[in-house]
Amino acid sequence: GWGHQIRSYVLQPYQLVKDLRTGHTSTAPSGVLDGDLDDFIQASLFELDARLREKGGGLIVRLGRAVDEIPRLATELKVVREFVQRRVDGVILAPSADPQNRAIAYLTASKMPFVLVDRLTSDKADGVCLQNVEAMEMLVDHLVVHGHRRIGLITGEPGFKSTMERGEGYVRALKKRGIAIDPELM
């Protein structure tokens with residue numbers, strides 16, 4: 001549930017990260033700390049699929065791994081079309097930074113139920129995401145309380161609502177603490 005620890009990190013004397021929900025472990029904590037969570041996500045999806053199968057359902061997952069944005073956009077739309085053709089009951093989509101929202105438009109035109117995860121690129125779609133503004137404010141406040149004043153921000157891809165919200169939280173927290181905003185740090 002919310003507010004519970006989901007991973008345990010051991011950095012000394014050996015290195016290990018363990019997901020407390022699935023039991024999945026990694027001996028590369030630096031990768032996990034840098035955001036390489038694919039194996040943990042996969043373990044969670046396998047567990048979810050097993051639970052759904054117990055109830056007569058199932059889960060079909062496609063993960064995009066294109067390095068370049070253009071192939072990723074094409075892959076995303078292709079996978080969405082495959083799901084519609086396979087007559088899945090619904091789609092959970094973490095959308096790419098497609099300014100035309102082609103996958104979302106296709107799902108909408110197909111009358112396929114879908115939910116966006118984390119990256120809300122359309123106000124016309126349901127979605128699940130973090131409270132990015134508040135979370136970023138808390139992160140910046142934490143650093144300021146510990147004496148830091150020059151705080152850099154790397155937000156991710158432009159155009160995502162989450163990117164804009166994180167930037168808003170960063171600026172709001174700095175202003176609240178009376179710290180000048182340095183565009184060089186953004």
Side-chain angles (χ1 to χ4, degrees), residues 1-11 15-98 101-122 124-132 135-136 139 154-157 159-163 165-166:
W2 294 106
H4 293 88
Q5 181 178 351
I6 60 172
R7 272 184 224 97
S8 174
Y9 294 82
V10 177
L11 303 176
Q15 297 189 339
L16 180 75
V17 179
K18 181 176 183 178
D19 187 302
L20 301 175
R21 300 162 300 174
T22 65
H24 179 78
T25 61
S26 169
T27 56
S30 61
V32 175
L33 291 168
D34 284 341
D36 184 6
L37 300 173
D38 290 355
D39 290 343
F40 290 95
I41 293 169
Q42 185 177 22
S44 293
L45 292 173
F46 283 144
E47 184 175 312
L48 177 59
D49 183 55
R51 288 182 185 176
L52 289 171
R53 288 183 187 282
E54 288 173 3
K55 298 180 188 267
L59 182 67
I60 301 171
V61 176
R62 291 286 305 266
L63 301 173
R65 298 217 184 259
V67 175
D68 188 334
E69 186 63 20
I70 301 304
R72 188 166 67 193
L73 297 178
T75 301
E76 178 181 81
L77 184 56
K78 180 181 174 190
V79 169
V80 163
R81 285 182 175 149
E82 287 174 13
F83 281 169
V84 170
Q85 290 168 359
R86 291 177 78 171
R87 298 184 174 300
V88 299
D89 292 328
V91 173
I92 300 170
L93 177 66
S96 64
D98 180 3
N101 288 322
R102 288 175 279 203
I104 294 168
Y106 184 83
L107 288 166
T108 302
S110 302
K111 299 192 183 331
M112 171 64 66
F114 69 97
V115 176
L116 302 179
V117 177
D118 188 39
R119 305 175 196 140
L120 303 183
T121 58
S122 171
K124 298 176 184 169
D126 291 328
V128 177
C129 66
L130 295 173
Q131 293 178 327
N132 290 297
M136 185 57 69
L139 289 168
I154 302 171
T155 57
E157 305 226 18
F160 288 138
K161 186 174 181 181
S162 57
T163 300
E165 289 174 349
R166 290 172 189 154

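Only this structure's heavy atoms are used, side chains among them; waters, hydrogens and symmetry mates stay out.
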Distance-minimising heavy-atom pair for [X] and [Y]:
X	Y	result
Phe83	Met112	O-CE, 4.4 Å
Leu93	Glu76	CD1-OE2, 3.9 Å
Ala103	Leu77	CA-CD1, 3.9 Å
Met136	Arg166	CG-O, 3.2 Å

Side-chain donor/acceptor of Thr22 to backbone N/O of His24, under 3.5 Å: yes
Is there a donor-acceptor contact under 3.5 Å from the side chain of Asn101 to the main chain of Ile104? no
Surrounding CD1 of Ile92 (heavy atoms of other residues, nucleotides or ligands, distance under 6.0 Å), is the total greater than 12? no
CG of Leu107 to CZ of Arg102: how many Å apart, nearest 0.5 Å? 13.5 Å
Criterion side-chain contact (heavy atoms from CB on, under 4.5 Å) on Thr25 and Lys18, from CA distance to verdict: CA-CA 4 Å; Thr25 61; Lys18 181 176 183 178; 3.7 Å; yes
